[in-house]
Each structure stands twice: as structure tokens, then as C-alpha cells.
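We count residues from 1, following the sequence as given.
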Amino acid sequence: MTTTSSSRGRRRAPTRMSRAAGRAAALQKPRVILALLLLLALTSVMLLDGYLRAEVGGDQRVRTGASASKVPEKVLDGGPILTFQGGQATTVSVPDKTIALTFDDGPNPTWTPQVLEILRKYDVPGTFFLVGSMVSRYPGIVRDMVEEGNEVGIHTFTHVDLSYQSDARVDREMEQTQLALAGAAGITTTLFRAPYSSETDAIDNYSWPVYEKLGEDGYTSVFVDTDSDDWKKPGVSKIIKWATPEDGKGASVLFHDAGGERSQTIRALPAYIKKMKAAGYTFTTISGVVQEQNAAARQASGTAGQQAGAAAGTATAGAPGTAGGQPGTVPGGGNGTGDGGNGGTGGTADRLQAAHREATGVTLYEGKALIAAVALAEWTVPTLSVGLMIVGVAVMGRFGMMLILARRHYRKRNRRRFSWGPTVTRPVSVIVPAYNEKECIANTLKSLAKSTHPIEIIIVDDGSDDNTSEISREAARALGMTNVRVIRQENAGKPAALNNGVRSASYDIVVMMDGDTVFEPDAVHHLVQPFADPNVGAVAGNAKVGNRDTVIGAWQHIEYVMGFNLDRRMYDLLRCMPTIPGAIGAFRRDAVLDVGGMSEDTLAEDTDITIAMHRAGWQVVYQEHAKAWTEAPGSLKQLWSQRYRWSYGTMQALWKHRKSLTDKGPSGRFGRVGMPLVVLFQIITPVFAPLIDVFTVYSMIFVDFQAALLAWLAVLGVQLGCAAYAFRLDREKYRYLLMMPLQQLAYRQMMYLVLIHSCITALTGGRLRWQKLKRTGEVGTPAGVS
């Protein structure tokens, strides 16, 4: 549920020419766009973070029993390294007594550094097949990995089985991982291992087209001879046993440095390396295996070294999308050659493996941009999560405090012997500021004609051009009302109209209302009773939404009953009421004049005057039995306009009275009690509360759908419970609560944007002008309100 400053009346027309108003409106458009862009940016960051956190599991096959009729027999029976020389599939086997140690699913911030430390200690190179999303999250680990002479390959960006995916998805998985490698370590790679792959004899008709496509793009696909199955966590001895080749054969051996808890792998790896070295094995990288085979082929064929080097470079190290450099000459080393597949000598950095290519130009900068965006997401999402937890605790605490204090307030004010003091029977002045109220003013006067309390009515026509004054006089004559005065002034805005009315009032208590509001017959009588207490300087009435049968009206009805009136009960007991609603409020006339009247400094003149009353030492109370009916905006555009001014005006009022934080006495009490509550519950939590919905969607997609849905429903249930209790206190019909789930999904997001818009306006020093909302006059007499 989203709360704002308070229920208020409409705003008045600008005092300058329409061209100036147009310029002011034009200045707001960039701020609206900025607010929308901020929401889009937050959503994008969360989507990126969720995309990066795709789960990595064990390397079991997803599909079993598929045919391999389209896969060449020489591939099914061949070695673990698959290339496509001249478009023809060729496999390479690992030489006897040689181990190509490979690791899948990393990098992981816990396990990968430990693996690297073991390899460094035993002077063994490794080939790491990395998940792009993990590379982008932990670029420093990859940078260290490459600088220490290890080799890296692609394990897709999200650890997805590519045999299920479209060509576009396959390209995207590869390209994104290349960008991540470019941003993390300044390289791209030609090596690839498919998630859920194993030995070459497991290639089927679904996965074979993927390997063909990637081969055409210059990738070398790497499979397994010996699988440690360490992801099953079978125990150290079994990991070592399963990773050991038979009969002195060479092997591409699979371990994992991520994808789960890998403590058994960390314990098994040193023992395995020592065992294999003791058995006469040497360790190399995948490129080292290919280099050794190429060297043997050159020696056997007697072909000139330069020509063979060019062929080997083309076959084994072609860069995706372009020709690549030739492999180096030292297994696990880094003497790369060539500058684009031409077979030349020299050119690439010594630290690069043969499968690596230096990232330059657009690729490098796009990679760095990706890493920066991921770093932002990695920082933003956890920070927002913590912030939302704090906000959630605050909101739940507020609900609890509202329920407890609202119940106490209700029982205190409605017990049989409660009294403010002697009954107030003396006449009061009712001030009605009006600007172009031809649709509503007659209904307003009809409701006041039925008042059970003696009143004088002062209608201040603020420069209307729709005959509001004449309509008011005619309505008064038709109703036989002799207690109505109509004062016409040049258009100067609502605060000026109210001040004119206060100065013209005949009595010491003034009731303020809007020209589109209707009072119940006993509203004035109930509203002025608290003035029997000489400490009371102002009274807030109970504003109700009259046109509640529209969707927007129903949303606002829920907000008024739950957000505003429960709030007012709480603030009343805490003696820090922040706002007297413009639709129905009463003041001691002398107190208003003493604080300087209604100020034009802010757009929230009602909040401004209320805080001023507190600071002057007056008590401000809530009178729930004084009810008035007002008209909610008829469109989302008008609702945005209204709430934007309310939010911005509240910020202006709080800033204006910021010195109350350090004042002593009543002013300091409001500053240290009321102001923090208003800032927390009317600015901060409404800004963050809508992100609950965004995080719910995030959790449903990327974490746990059922748990996220249940959590969201639980929060909604708490809100419904609070709303139902508020409706019970106000004796409202519960059927309107059926609109509450939709209100949470739509209305709250709009209020979030409104608050962001207001914050941007405040930070950029913008100013707003009074504007009148379009009224229909559909709120008639109170008896006609359902």
C-alpha cells in the first residue's frame, strides 16, 4: 500500500499568462522522462543480475536415448578435441602419458582461487571452461587465471544446453561470453565445451548441428576422456580413481571448480596430480595437445615448417568470426604467432595461449562496458535488497503501530464519557475558496444549508471566468440562505483566497473547505467541538471519496480510509499531525493570523500551515466524525498531476520547516517526532515500496516462483487485514477491498513514479504552479453517496 502526504483539495489556476504555464509544463516533461528512465534502469539492472545468476548444475546429460545417425563414425570414435579443418570434422587425441586437466563451470570466488593455488604450487597448467555470467561477475579471478598461463574456453553464458536452442540463442551465448572474457582479461578464445557434454560418443543428432555451426565459426570443441564425476561428491578416493586414465593412456580429464560445493575436489586435486606425476604423466593444456599433434604431423610429412604452421594456425586457432593467430610452441606456455591467421611469426603477447586472441577495438570496449554494468548490478541489487528489508521492517512496524494506536484512538474518542469540554455552540465562519467551480458550487452550498451548527459562509471567488460568483449568489437565493457572502478577487491562488477569507471572517473559528466538497449536516458541529480545549489550534476532518464507484475512485477510497485516516489517528495520539486536509479542516482564526496565514511558499499550503501551528505550540487533532465528501480525479493524468503537486509540496514544506529539527519546545517536538515519521512513511518508504513488486517478479523468474508468490500474498494479506480494520473503524463497505490487489499492482507503481518525479524536481530546483483539476460535479449531497 502506498501512502502520500494527506487528502487535500484541488489546486488553483496559475497567476501568470498561459504561455508561462506552458513553458513550466514543458520543463516538467524531461523530469517525467528521467523518472521513467530511472525505473527502467532499475528494472534493467535487476534483469541483468537475474540473468547472470542462472544456476549451474552437474554435468549429466539433459537428453538421453537420442539417435546419432547423422554424426560421423570417426567423430564418435575419435579423440576429445574436435576441429573442422577445411570444413571437415577432425578429432585429436591426447598423447599417451599426457593429461589435459580441464575445469568446468567457473569461475567461483570460493573454489576457483583454491584450484589456481594448487596448480601454481605443482606447476601444472589448466584449461578452464568458463560460464560467461560468472566471468562477468568475477573478472578479477579470470584475469589472474590468464596471467598465470592457464587456458580458458567458453562454457556458454548461462550454462544452457545449446542443442535445445535456436541459432540466434547459440550466437548470443557465445558472443556474450566472448565479451565477458574481453572485459575481464582482454582476450577472446577459440575453445568451447558444451554444458552437459561428456565423451564424443555421446554426440547425437540434436547436438551435432551445434558443433558443426561453431566449427564453421572457428571454434574447437573439447570433450572428455575421463570424468572425475566430482560434482557427485563421491569422496576423494573415488574422484581420484575415476579421473585416472587406464593403461597409461592420455586423457582430457574433467574436474569442476564451481557449480556447487567443491571441497572434495580441492582435497582430491593435489593427490591426483602427485599420483599422475609419479606414474610418469605430464600435464598440458588443450592447445598444448593440438600443438604436439601438429608438430608430429609436420615431422612425419616433412612439410616445410612455415606452411605447416599456417595450416595448424588455421585449423586450431581461428578466432570466431575472423581468422586467428597460430598456436605457440610450448605446451602451457604462450609464444603465440601470427596476427590474423596468415601463418606469420610473432605479434601476439607472450602471455597468451594459442587458443587466446587479444581483444581489441569495439570488442574490448563492449566487454569492459559489460563488466562495468555487471559490477553495477552486483552492487545495486544487494543494496536494494538490504534497503527493501529495512523498508519492509519499517512498513510492517508502521502497520503494527497504526493498528495499535488507531484502536487506542478509536476507543478513547468514542467512549461514552469522553468530552473535549463544554459543547461549542457559537457560530463559526466557513471559507470556500473557489476557482471555476460552476459544476460543484451549488452542491457545496446545498450541503452547507443543512448544517446543524450556526455558520456564516464566505465564498472567495479567485478570479473565476465561468460565472462562479453569479451561480453562488443564485444558489444561495434559491435556498433562502442569508448567511452567504461572496467575495470576488483577482486571480491570486488558493492561499491568497483563504487568507482573504480568514481576514473577512466574523468569528474566531474558521472552517476551510474546497469548492467541490460537500459536508454532512453535522460535519461542522463535530469539527469544532475540539476547540473546547484551549490548547487545540486546528482540527482535521474526515475526508471521503464521493465518486468511489470508478476504478480510480475506488483506489483513492482505499487510500483515504486506510492510509490517511489510520495515519491521522496515529499522528493524533503522537501529537504530530502533519496535515489538515484542504477538503475539511478548522482553525482558530487568531492562530492562523499569528503564524502568518496560509503561505504561498509551498504547493502544500495545508501541510505548511499545519506544521506552522505545531511549531507555534498549538495542538492539532483528528475528528473522525466530521465527514466531508470530495471528488477524486477522473483520469490517470489528473491523478498524476494532483499527486505530483502533493508530493512536491510536502517536500517543500518539510524543507521550509527543517529548523524544527533543532528547535526546543513544541517546534522541536514536531521536528524530532513528526518530521522523521513523515519523511520515512510519506517519502522514503513509498519510493521503495513499489520495488517489492519488482523484486517479487525477479524472485519468481530467477529464484523460487512459489516462495516469492507466497511471500507477496502474505504481505498483501497483512495489508488487507489493516485495510479491513480501517474500514471497520470508519464503517465502510468491505466490497471496495476487492480492488486492493489491483491497486497494489498499478496504483502503487504510479505513486512511485510520482515521488521519483517530485524528488527530481526538488533536486533540480524546479517550481510548479497551481492548476485546477477538471471536475464533473458528480458528488452531490452526502445522502446521495453510496
Modelled atom types, side-chain donor and acceptor of [X] and [Y], under 3.5 Å:
X	Y	value
Thr189	Arg357	no
His256	Asp230	yes
Glu261	Ser263	yes
Asp257	Thr112	yes
Thr282	Lys97	no
Ser69	Asn205	yes

*Below 4.0 angstrom, N of the basic side chain to O of the carboxylate: do Asp171 and Lys213 qualify?*
yes
*asked:* Quick check on the 6.0 Å ring-centre criterion: do Phe192 and Phe223 meet it?
replied: no
*For Phe129, check ring pair (Phe, Tyr, Trp, His ring centres under 6.0 Å) against everything at least two apart and list the hits.*
none
Check: [Y] and [X] side chains under 4.5 Å, non-hydrogen atoms:
X	Y	answer
Val224	Arg193	yes
Ile118	Ile273	yes
Val75	Trp208	yes

_Pairs involving residues 172-186, ordered by first then second residue, that meet salt bridge (charged side-chain N to carboxylate O under 4.0 Å, His left out) (sequence neighbours left out)_ = Arg169-Glu173
*To the nearest 0.5 Å, how far apart are CZ in Phe103 and CZ in Phe128?*
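These two atoms lie 5.0 Å from each other.
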*asked:* So which atom in Met276 and which in Pro245 form the shortest heavy-atom distance, rounded to 0.1 Å?
replied: CE-CD, 3.6 Å
